[in-house]
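For reference, the structure discussed in these notes is given below.
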Amino acid sequence: TEMYEQALKFVRANKRFKYVKSNLTSPWTRKICHKYGFMELARAYYNDFKDEDGNTYSNDWNDDEFVAFMCLKLEQ
């Protein structure tokens, strides 16, 4: 949490930035980002990843194992 607080403080101090984006794999970091107002734009489940022949890499992933593409709009 402290790392995100410091990073967001730094980014907000620079008025050129309008958005912060993050690709999150950990359920704990996703929860922290939700706490700070990040919105989930999309997600990709690991079970859906396939090689060039269309074969899945593994079917051993559970429903909480995915990449969340998240974004935070900074106030101006």
Side-chain angles (χ1 to χ4, degrees):
T1 304
E2 180 66 26
M3 182 178 74
Y4 271 90
E5 285 182 21
Q6 292 301 318
L8 291 173
K9 182 178 177 182
F10 172 79
V11 171
R12 285 186 172 119
N14 185 333
K15 300 298 182 189
R16 294 180 303 161
F17 295 111
K18 295 181 178 158
Y19 295 93
V20 176
K21 74 109 182 146
S22 193
N23 302 325
L24 305 161
T25 57
S26 164
W28 298 283
T29 15
R30 291 193 299 264
K31 186 174 182 179
I32 290 169
C33 284
H34 277 291
K35 172 184 167 185
Y36 285 107
F38 281 73
M39 295 187 60
E40 185 176 320
L41 302 177
R43 67 173 60 176
Y45 289 93
Y46 296 141
N47 281 334
D48 295 337
F49 284 88
K50 297 181 181 177
D51 64 18
E52 57 275 353
D53 296 322
N55 302 311
T56 57
Y57 289 104
S58 173
N59 290 325
D60 296 334
W61 304 102
N62 66 46
D63 288 341
D64 195 37
E65 295 178 289
F66 58 88
V67 178
F69 303 94
M70 300 182 78
C71 185
L72 173 67
K73 183 175 183 181
L74 301 171
E75 297 88 27
Q76 296 300 316

Working to the nearest 0.5 angstrom, can you tell me the gap between Met39 CE and Cys33 SG? 13.5 Å
So does Asn55 have more than 12 non-hydrogen atoms from other groups sitting under 6.0 Å from CG? yes
Pairs touching residues 33-49 that satisfy salt bridge (Lys or Arg N to Asp or Glu O under 4.0 Å), sequence neighbours left out: Glu40-Arg43
Quick check for you: to the nearest 0.5 Å, what is the distance between Arg12 atom CZ and Leu74 atom CG? 6.0 Å
Could you tell me the separation between the NZ atom of Lys21 and the CE atom of Met70, rounded to the nearest 0.5 Å? 12.5 Å
Going by side-chain contact (heavy atoms from CB on, under 4.5 Å), name the residues that satisfy it together with Glu2, two or more places apart in sequence or in a different chain. Glu5, Gln6
Can you name the side-chain contact (heavy atoms from CB on, under 4.5 Å) partners of Ile32, sequence neighbours left out? Thr1, Tyr4, Tyr36
Asn47 and Asp60 have their tightest heavy-atom pair at OD1-N, 4.0 Å
Running the 4.5 Å side-chain criterion over Ile, Leu, Val, Met, Phe, Trp and Tyr, what cluster does Leu41 land in, apart from itself? none
Does Val67 sit in a hydrophobic cluster with other residues, and if so which ones, taking ILVMFWY side chains as linked at heavy-atom separations under 4.5 Å, directly or through other members? Tyr46, Phe49, Tyr57, Trp61, Phe69
Which hydrophobic side chains are connected to Trp28, either touching it within the sub-4.5 Å cutoff or through other members that do? none
side-chain hydrogen bond (donor to acceptor under 3.5 Å, both in side chains) partners of Thr25, counting only residues at least two apart: none
Restricting to side-chain hydrogen bond (donor to acceptor under 3.5 Å, both in side chains), what partner residues turn up for Asp64, sequence neighbours left out? Arg30
Can you find a pair of side-chain heavy atoms, one from Leu24 and one from Phe38, that are under 4.5 Å apart? no
Report the residues that fulfil side-chain hydrogen bond (donor to acceptor under 3.5 Å, both in side chains) with Asp51, sequence neighbours left out, ordered by chain and then residue number. none
List the residues meeting ring pair (Phe, Tyr, Trp, His ring centres under 6.0 Å) with Tyr45, not counting sequence neighbours, and say none if there are none. Phe66
